[in-house]
Amino acid sequence: MTKNLVIVESPAKAKTIEGFLGKEYQVKSCFGHIMDLSKKDLGVDIDQGFIPKYIISPDKKKIVNELKKLARNADLVWLASDEDREGEAIAAHLMDVLNISESKARRIAFHEITKPAILEAIEHPRGIDRDLVNAQQARRVLDRLVGFELSPLLWKKIKPSLSAGRVQSVAVRLIVEREEEIKKFKVGSSFRIVGDFIVSTKDKVVPLQAELSERFSTREEAEAFLGRCIGAEFVVEDIETKPAKKSPAPPFTTSTLQQEASRKLGFSVANTMRVAQDLYESGKITYMRTDSLNLSNIAIGMAKQEITDSFGADYVKTRKFTTRSKGAQEAHEAIRPTYVNVRTVEGDKSHKRLYDLIWKRTIASQMADALLEKTTVTIGISTAIEKFLAKGEIITFDGFLKLYMESTDEEQNNGEERILPSLNKGDALDMNQIQAQQKFTQQPPRYTEAMLVKKMEELGIGRPSTYAPTISTIQRREYVVKEDRPGVTRTFQVLTLKDGEITSEEKSEKIGSEKAKLFPTDVGSLVNQFLLQHFMNIMDYNFTASVEEEFDEIAEGKLVWNAMIKDFYGPFHTRIEQTLEGTRKVSGEKLLGTDPKTGLNVFVKIGRYGPMVQMGNADMENKPRFAALKKGQSMESISLEEALELFKLPRTLGIVDNADVVVAAGRFGPYIRHKSQFYSLMKTDDPLTITMERASEIMTEKKKLDQEKTVKEFGEDSNLKILKGKYGPYISFNKLNYKIPKGKVAEELTFEECRKIVADSKPTKSSKSRKSK
DNA sequence: CAGTGAGCGAGCTTCCGCTTGACTT
């Protein structure tokens, strides 16, 4: 029997801590929250003062039973969940569910997984902070009320299965509004003047590039300026040198790791977290879901040693970073290598690269500032009042730059970090050429996943554990899509003054191509518009921040949690009911024009399954025709001609074996139907022009593949088959799948045996039911 | 994966935040 049971949230953490504590301690993990609100209904008893209806999460029943047994037999139970709102609630739930008495329970917390920190925590146990638990409860109940009242409203007013919530709806809003800004954006241009000069001294001739201190808004002005420069003299009027320094970025949090892995390694947010999870589980890095910039003293000490060994003591400058982000709860350390002296890890390329990034960032954060010397040379023009400026930068001490430099989302601007030749005031320069190049203003950038996370963190919406899932959710709901878009070619003008003559030419550049950027869909935009119209308070970018203030007051014991919820819910629920009764279904319907053949109206709108076109009004006599929009088409941009094309399907190709061969477009793209069998078209096949010949080819091919997939068929019942899948053979009966019991050989199963398996066992979950969990 | 779209209506969907394995067709 164990005297002490310690419960933490993560199993990897449990393993580490067990090593720090003696044999008297058994350390187990509860895998995060063990209880949640019932999902059957609202899960909140509103009439009784918003009393939550908690149940043990179905996937936690097993671990809860195990912990119950261990807790019963232990003398003391140490509740060591994270020291934040959610962690406190987990501790409280554990006490309840495991039936731990006050006298037997010890609540402890630590912010870093180091032996001194754990021992220190054991020395200072406390009770459960009920105010903090209530703050969590308020957060949980508010999110449930918002999500489970708004979502059904969307099902009724827009389309089924949609969702809305405090976090996801605001994330979608950011993307929709950015797209609107881009649409509204009016491009402007100006002429940037760059002069190429030559410095001739006694012993050498060196080039010097300088930019004019101002830009000209028109070609005429630029041309006039170049004209003024013909025959002018150029003289160095001033040289200014200023020292400057650059400091390293703080160590990684979840959000900055996602951003930097996206910029430097091209990882998606989900991929970064998957790889980081692996590194964490194998003990290579500290916890990867954190908003803390803190490094333990042990880690800083190790970093100091590592820097001294590799670069020398001059390169060391230890720092304690403090967080700036809204609502940070700092239950953990920043993300760092567990052993800072370990330079690389085993594993595949992505693991190595992510670890390398974390290692460099951690080490660099404890390195000296880089020292620079910034020089600006002012060049006067004898015939004009404008000045040319040549800017240079030299690094006098590289410091942390020796190892690591953070990237930015902005495109690299040119002309940085150049070294200037040595010059003196009064030096005359020879002009080689001066160019005026047309430069365009840039539209606001579209969000990458990581840029969206950055913005969400700034607004205080979402938490380190939810950034990646939220971004998946808004894509799964098809509110936004992550896509590449090709750019367009744009021409710009260049005027060149050389050898006393001004010439002009037109050049072209590729602009606006997008890679893995987030775009709103028609449904996303419509839902956003609907929510903005009726629930501005929830869509407000400051909504989370303001409720967080109230949660803090609850945590401080200054506000009663359900009183806060009541104040929110009253007006919110009224608004729900008003919208339910007072508004009609919204479909974003737009009249595109009329069909020249029939004279019927052609509309585009959102239907039960997404955007579609409709021919004919929905009146008593006639049923309108419908067709779904193709991938890549949008309600916003579809033309009448494109819409009319969509009505050309389904078309009958001919008759085979007394049955029509029909080409149509379905949910998953174009297909052929014959004798109630379906055959998908290839991407290269055009359903509008496909021939009977090609169609039979596709059908033969599919039949062959099906044949290969079939292990065994039975004459007794054609619905029962043994098929071969990715994970081996299985039984298929009436479109449900059943596992073959161990020890049975698929090929040898008889019809009766199969019938028995089907009757006795449950079908394996289809992917559809799994997705919904 | 499944191949739809009036309206009728049953019965389904849904939130955020904490954590990892299941076990796949």
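A, B, ... follow the sequence lines: proteins, then strands. Residue 1 opens every chain.
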Worksheet item: Is it the case that more than 12 heavy atoms not belonging to K630(A) sit under 6.0 Å from its NZ atom?
Response: no

Discussion item. Restricting to non-hydrogen atoms, name the atom on D540(A) and the atom on R173(A) that form the minimum distance, rounded to 0.1 Å.
Written reply: CA-NH1, 3.8 Å

Worksheet item: With distance as the sole criterion, do the side chain of S161(A) and the base of dT13(B) form a donor-acceptor contact below 3.5 Å?
Response: yes

Worksheet item: What distance, rounded to whole Å, do you find between the two P atoms, one in dT24(B) and one in dC1(B)?
Response: 14 Å

Practice prompt. May I ask you to say what Y280(A) touches in the nucleic acid, namely base, sugar-phosphate or nothing, with a heavy-atom cut-off under 4.0 Å?
Written response: sugar-phosphate

Practice prompt. Please confirm whether any donor atom in the side chain of R140(A) sits under 3.5 Å from an acceptor in the base of dC15(B), or the reverse.
Written response: yes

Worksheet item: Looking for any heavy atom pair under 4.0 Å, which part of the strands does Y679(A) touch: base, sugar-phosphate only, or nothing?
Response: nothing

Worksheet item: Hey, does R477(A) reach any base, or is it just sugar-phosphate, or nothing, if we go heavy atoms under 4.0 Å?
Response: sugar-phosphate

Practice prompt. Please map the stems of DNA chain B, keeping only stretches of three or more Watson-Crick or G-U wobble pairs with both distances under 3.5 angstrom.
Written response: none

Item to complete: Check every strand shown and say whether G87(A) touches a base, only sugar-phosphate, or nothing at a heavy-atom separation below 4.0 Å.
Response: nothing

Discussion item. Would F148(A) count as stacking on dT14(B) if stacking means ring centres less than 5.5 angstrom apart and planes tilted under 30 degrees?
Written reply: yes

Worksheet entry | P gap between dA2(B) and dT25(B), integer Å | 11 Å

Discussion item. Please confirm whether the shortest side-chain N or O distance from R289(A) to OP1 or OP2 of dG17(B) is below 4.0 Å.
Written reply: no

Discussion item. So T466(A), base contact, sugar-phosphate only, or nothing? Heavy-atom distance under 4.0 Å.
Written reply: base

Worksheet item: Using centres under 5.5 Å plus planes under 30 degrees as the test, is F31(A) stacked with dC18(B)?
Response: no

